[in-house]
Amino acid sequence: LLGGYLPGPILLILCGAQGSGKSTFCDNLVNGNDGSLSPSSPSANSKSVAFSSVHDAHNWVHLSQDTIRKGKPGTRQQVEKAAISALGDGKSVV
């Protein structure tokens, strides 16, 4: 992702345990944050990841079954439909 080798839209699917950082990763990727953590964070000593170059190279959309209906849970089919639409518009989906 960071090397810029994938010029077209990307479908990035994340899975992991609750609290493992999926939402934080998505927020950083979609918003182009630098990935650094606040000193009060329990993971503050973790290696920082630069998201700005990935953000600049791709127009990212964050989709989640937990929030697909204006912040409320929806169905997998709703997420798939939204992802297909976004990818068709040239956007990358996480």
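Because the structure is predicted, anything quoted here is derived from the model rather than measured.
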Do I68 and I13 sit in one hydrophobic cluster, given that two such residues count as connected whenever their side-chain heavy atoms are within less than 4.5 Å of each other, even indirectly? yes
Within a strict 4.5 Å, meaning less than it, do heavy atoms of the L12 and F25 side chains meet? yes
Non-neighbouring partners of T75 that pass side chain to side chain contact (heavy atoms under 4.5 Å, CB included), sequence neighbours left out: Q77, Q78
State the CG-OG1 distance between L29 and T24, to the nearest 0.5 angstrom. 12.5 Å
Is there any side-chain hydrogen bond (donor to acceptor under 3.5 Å, both in side chains) pair reaching into residues 6-22, and which pairs are they, with sequence neighbours excluded? none
Does any non-hydrogen side-chain atom of N31 lie less than 4.5 Å from one of W60? no
Side chains of residues 79-94: which donor-acceptor partners sit under 3.5 Å, not counting sequence neighbours?
unit_1 : atom_1 : unit_2 : atom_2 : d
E80    : OE2    : R76    : NE     : 2.8
S92    : OG     : I10    : N      : 2.9
S92    : OG     : H58    : ND1    : 3.2

